Asker: 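Structure in structure tokens, see below.
Just follow the structure's listing: the first ligand is 1, and inside any ligand the first atom is 1. Positions are given from 1, in the same order as the sequence printed here. What you see is a predicted model; the values in this text were computed from it and never measured.
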Amino acid sequence: MQADYVIIGAGSAGCALANRLTEDPTIRVVLIEAGGRDWNPLIHIPVGYMKLLDHKQLTWGFKAEADPGTNGRAIAYPRGRVLGGSSSINGLIYIRSQPEDYDYWAQLGNRGWGWDDVLPFFKRAERWTGDAAGIHGTERNLTTSPMTEQPEACRAIIRAAQELGLEYQPDVNNLPHGAGASIGWCQQSRGGRRRASAAATYLRPVKRRPNLRVVTNALVHRVVFDGKRAVGVEFSRQPVVGRVDAAREVIVSAGAIGSPHLLQLSGIGGPEVLQKAGIAVRHPLPGVGRNFQDHYIARMSCYVRNLETLNERVRGLGFANEVVRYFVQGKGIMTFGASLCAASIKVLPESATPDVQCVFAPASYKPGLIRKLDDRPGITGGP
Ligand SMILES: Cc1cc2nc3c(=O)[nH]c(=O)nc-3n(C[C@H](O)[C@H](O)[C@H](O)COP(=O)(O)OP(=O)(O)OC[C@H]3O[C@@H](n4cnc5c(N)ncnc54)[C@H](O)[C@@H]3O)c2cc1C
């Protein structure tokens with residue numbers, strides 16, 4: 001196979017790149033994805049995400065190493081393995097960072113990453129379906145929406161937060177510079193009833209472009225080099241091993257875990273690590289596969305009284321009602337993602353701005369049981 005650009009990984013980044021690059025009909029793009037097509041309906045029904053986090057076909061099944069900080073448990077570390085990548089299994093929350101976070105990146109020397117620089121790109125990506133666009137874009141690919149419902153349990157959480165001094169923000173994506181602790185309703189990457197995954201957003205509309213070829217169920221083994229220049233990739237697609245040549249570039253967008261792994265398999269990384277794995281060093285680069293950081297959510301649940309929560313709404317007739325509501329009105333719990341409201345708070349006294357995001361959901365899991373909702377009404381929240 002021949003292409004101008006070979007993109008490894010059809011996740012959030014890979015799908016957007018494939019779309020944009022093939023706008024020019026003279027540019028040939030091959031997009032290679034280890035997972036399969038995104039046919040599973042649980043991907044597209046927002047609340048289905050709960051069933052996807054440890055899905056055998058749609059995730060890589062990673063686990064973090066057991067750690068004393070997690071009481072010796074090896075925590076599941078989901079990553080999507082399907083068209084759309086992690087955007088096909090994620091919690092659908094669409095909240096940009098506060099402006100100061102981007103300005104801080106810019107101050108570190110990353111020109112072009114300040115808030116005023118990135119805001120036009122956020123807008124250019126977005127198709128906001130709520131009221132008062134202002135800070136949102138309304139004309140491009142990524143459909144974003146307000147929650148379809150504001151359940152009383154979450155209203156109570158917001159009221160409680162206000163009593164504690166948090167300011168209510170009507171649009172959590174419109175935090176002014178200098179905003180203090182605040183809380184508001186989550187927004188979602190969702191259009192109507194359906195998840196707006198990167199595949200639905202960027203691939204589906206252009207799938208008939210003759211200059212785009214999407215290869216699924218193909219695991220890339222390594223980037224192929226001519227001297228120091230990446231000229232293609234080698235992949236296996238059972239039962240064959242194939243190769244795609246890239247006339248211009250190989251783009252590694254295999255995710256925060258997949259990309260460094262692939263670089264290492266291709267001989268780019270810390271020499272000690274590579275030698276231990278029996279991989280010839282092509283380019284020594286010790287930073288590859290190191291300094292990984294992610295946000296950990298320490299969710300806490302509690303039972304509530306006199307408030308309706310999802311725990312009851314997903315059972316019996318209540319659930320049947322929700323299914324009807326979803327299909328007839330496109331509303332209700334089936335459109336919910338991981339959280340419904342989110343607070344920005346300052347935890348460290350030395351921080352100039354809020355430094356922690358706390359998210360809340362009107363539901364709780366059974367003690368010790370992941371993804372089994374409790375029998376009694378409960379809520380969950382945590383940083
Ligand atoms: C459970 C979960 C919940 C999340 N919730 C939210 C949320 O609510 N809001 C939010 O904004 N963000 C959320 N995120 C984060 C967000 O989804 C990711 O940051 C984003 O999708 C990452 O995009 P990416 O392109 O870097 O990687 P990915 O989307 O993960 O794409 C990488 C792709 O590369 C493929 N790949 C990897 N290795 C190879 C290989 N060797 N050969 C071929 N293909 C390969 C993978 O299968 C995958 O499809 C969540 C993430 C997860 C996992």
Asker: If you have a sec, work out which protein heavy atom is nearest atom 34 (O) of ligand 1 and how many Å separate them, to one decimal?
Answerer: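 Protein heavy atom with the smallest distance to atom 34 (O) of ligand 1: G9 CA, 3.2 Å.
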Asker: Is it the case that the side chains of K123 and H136 hold a donor-acceptor pair, with the cut-off being a distance below 3.5 Å and no angle test?
Answerer: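 Note: H136 and K123 side chains miss the donor-acceptor criterion.
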Asker: Looking only at the side chains, is there a donor atom on one of Y102 and D116 sitting less than 3.5 Å from an acceptor on the other?
Answerer: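 The answer is no; no qualifying pair exists.
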Asker: Non-hydrogen atoms of S87 versus ligand 1: any pair closer than 4.0 Å?
Answerer: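 Heavy atoms of S87 do come under 4.0 Å of ligand 1.
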Asker: Please identify which atoms of ligand 1 are closer than 4.0 Å to at least one heavy atom of P78.
Answerer: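 Numbered from 1, ligand 1 contributes 53 (C).
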Asker: How far is atom 43 (C) of ligand 1 from its nearest protein heavy atom, and which residue and atom is that?
Answerer: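 Residue, atom and distance for the closest contact: A34 N, 3.3 Å.
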Asker: Can you confirm if the NZ or CZ of R81 lies within 45° of the ring axis of W60 and under 6.0 Å from the centre of its six-membered ring?
Answerer: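 Because its charged atom sits under 6.0 Å from the ring centre and within 45° of the axis, R81 does stack over W60.
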Asker: Considering only heavy atoms of L53, which atoms of ligand 1 have at least one such atom less than 4.0 Å away?
Answerer: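 Those qualifying, in numeric order: 1 (C).
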Asker: So which heavy atom in the protein is nearest atom 37 (C) of ligand 1, and how far is it from that ligand atom?
Answerer: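 Its nearest protein heavy-atom neighbour is A254 O, 3.3 Å.
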Asker: Find all atoms of ligand 1 within a distance of less than 4.0 Å from any non-hydrogen atom belonging to S253, and give their numbers and elements.
Answerer: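 With S253 as reference, the close atoms of ligand 1 come out as 32 (C), 34 (O).
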Asker: Looking only at distance, does E33 have an N or O less than 3.5 Å from an N or O of ligand 1?
Answerer: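 There is such a contact, yes.
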Asker: Provide the number and element of each atom of ligand 1 under 4.0 Å from a heavy atom of G11.
Answerer: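 Per the distance check, 25 (O), 28 (P), 29 (O), 31 (O), 33 (C).
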Asker: If the contact criterion is a heavy-atom separation under 4.0 Å, does F235 count as touching ligand 1?
Answerer: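 F235: no contact with ligand 1 (<4.0 Å).
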Asker: Could you grab the distance from atom OG of S145 to atom CD of Q188, nearest 0.5 Å is fine?
Answerer: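 If I round to the nearest 0.5 Å, the distance is 7.0 Å.
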Asker: For the pair E152 and R159, find out whether any cationic side-chain nitrogen is under 4.0 Å from an anionic carboxylate oxygen.
Answerer: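 Yes, E152 and R159 are salt-bridged.
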Asker: Consider every N or O of A256 and every N or O of ligand 1, then say whether any pair is closer than 3.5 Å.
Answerer: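 For ligand 1, there is no N or O atom that lies under 3.5 Å from one belonging to A256.
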Asker: Just let me know how L92 lines up against ligand 1, side chain, backbone, both or neither, with a heavy-atom cut-off below 4.0 Å.
Answerer: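 It is the backbone that gets close, since no side chain atom is under 4.0 Å.
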Asker: Determine, counting only non-hydrogen atoms of the protein, whether one lies under 4.0 angstrom from atom 19 (O) of ligand 1.
Answerer: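 No, no protein heavy atom sits under 4.0 Å from atom 19 (O) of ligand 1.
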Asker: Is the shortest distance from a Lys or Arg side-chain nitrogen in E308 or R155 to a carboxylate oxygen in the other one below 4.0 Å?
Answerer: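 Between R155 and E308 there is no salt bridge, as every charged N stays at least 4.0 Å from the carboxylate O atoms.
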Asker: So, 4.0 Å and heavy atoms of A218: is ligand 1 close enough to count as a contact?
Answerer: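 Yes, A218 has heavy atoms under 4.0 Å from ligand 1.
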Asker: Among protein heavy atoms, which sits nearest to atom 42 (N) of ligand 1, and what does the distance come to when rounded to 0.1 Å?
Answerer: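 Its nearest protein heavy-atom neighbour is V220 N, 3.0 Å.
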Asker: Would you say ligand 1 has an N or O under 3.5 Å from any N or O of I8?
Answerer: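 Checking ligand 1 against I8, no N or O pair falls under 3.5 Å apart.
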Asker: Hey, what's the ring geometry for F292 with Y77, parallel, tilted or perpendicular (30° and 60° as the breaks)?
Answerer: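 Perpendicular.
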Asker: I need the nearest protein heavy-atom contact for atom 29 (O) of ligand 1: residue, atom name and distance, please.
Answerer: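 It is S86 N, 2.9 Å.
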Asker: With clusters defined by side-chain heavy atoms of hydrophobic residues (ILVMFWY) lying less than 4.5 Å apart, directly or transitively, does I183 cluster with I345?
Answerer: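 Yes; I183 is reachable from I345 via cluster members.
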Asker: I93 versus ligand 1: do any nitrogen or oxygen atoms come within less than 3.5 Å of each other?
Answerer: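 Yes, there is a polar N/O contact under 3.5 Å.
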Asker: Mind checking whether W60 has an N or O less than 3.5 Å away from an N or O of ligand 1?
Answerer: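 Looking only at distances, the answer is yes, because the N/O contact criterion of under 3.5 Å is met.
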Asker: Give a yes or no answer on whether the side chain of T335 reaches the backbone of K331 with a donor-acceptor pair at less than 3.5 Å.
Answerer: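 Not at all, since once roles are kept as given, no pair shorter than 3.5 Å links the two residues.
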Asker: Below 4.0 angstrom, N of the basic side chain to O of the carboxylate: do K346 and D355 qualify?
Answerer: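 Here K346 does not pair with D355 in a salt bridge, since their nearest N and O are not under 4.0 Å apart.
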Asker: Does the protein put any heavy atom within less than 4.0 Å of atom 15 (C) of ligand 1?
Answerer: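 Neighbour list for atom 15 (C) of ligand 1 is empty of protein heavy atoms (cut-off 4.0 Å).
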Asker: Charged N to carboxylate O under 4.0 angstrom, D375 versus R315?
Answerer: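 The answer is yes: the pair qualifies as a salt bridge.
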Asker: Could you tell me if R79 sits above the aromatic ring of F62, with its cationic atom closer than 6.0 Å to the ring centre and no more than 45 degrees from the axis?
Answerer: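 Not satisfied by the 6.0 Å and 45° rule.
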Asker: Say whether R81, considering both its backbone and side-chain N or O atoms, lies within less than 3.5 Å of an N or O atom on ligand 1.
Answerer: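 No.
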Asker: So which protein heavy atom does atom 22 (C) of ligand 1 come closest to, and at what separation?
Answerer: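 So the nearest neighbour among protein heavy atoms is S12 OG, 4.0 Å.
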Asker: Using a 4.0 Å cut-off to any heavy atom of V82, which atoms of ligand 1 qualify?
Answerer: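 Under 4.0 Å from V82, ligand 1 has these atoms: 49 (O).
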Asker: Which residue owns the protein heavy atom closest to atom 50 (C) of ligand 1, what's the atom, and how far is it?
Answerer: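 Residue, atom and distance for the closest contact: N90 CB, 3.3 Å.
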Asker: Using a strict cut-off of less than 4.0 Å between a Lys/Arg side-chain nitrogen and an Asp/Glu carboxylate oxygen, indicate whether E234 and R243 qualify as a salt bridge.
Answerer: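 No, no charged N to carboxylate O under 4.0 Å.
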Asker: Considering the heavy atoms of G80, write down every atom of ligand 1 situated less than 4.0 Å from one of them.
Answerer: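 Within the 4.0 Å cut-off of G80, ligand 1 contributes 46 (C), 47 (O), 48 (C), 49 (O).
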Asker: Taking only heavy atoms of G91 into account, list the atoms of ligand 1 that are under 4.0 Å away from them.
Answerer: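 Near G91, the atoms of ligand 1 are 3 (C), 4 (C), 5 (N), 6 (C), 7 (C), 8 (O).
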Asker: Are any of the side-chain nitrogens in E322 or R313 under 4.0 Å away from the carboxylate oxygens of its partner?
Answerer: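 Salt bridge present between E322 and R313.
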Asker: By number and element, which atoms of ligand 1 are closer than 4.0 Å to a non-hydrogen atom of A13?
Answerer: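 Here the atoms of ligand 1 in question are 25 (O).
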Asker: Starting from atom 26 (O) of ligand 1, which protein heavy atom do you reach first, and at what distance in Å?
Answerer: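 Heavy-atom neighbour on the protein nearest atom 26 (O) of ligand 1: G255 CA, 3.8 Å.
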Asker: With a 4.0 Å cut-off, would you call R96 and E126 a salt bridge?
Answerer: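 Yes, R96 and E126 are salt-bridged.
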Asker: Ion pair present between E149 and R325, side-chain N to carboxylate O less than 4.0 angstrom?
Answerer: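 Here E149 pairs with R325 in a salt bridge, since their nearest N and O are under 4.0 Å apart.
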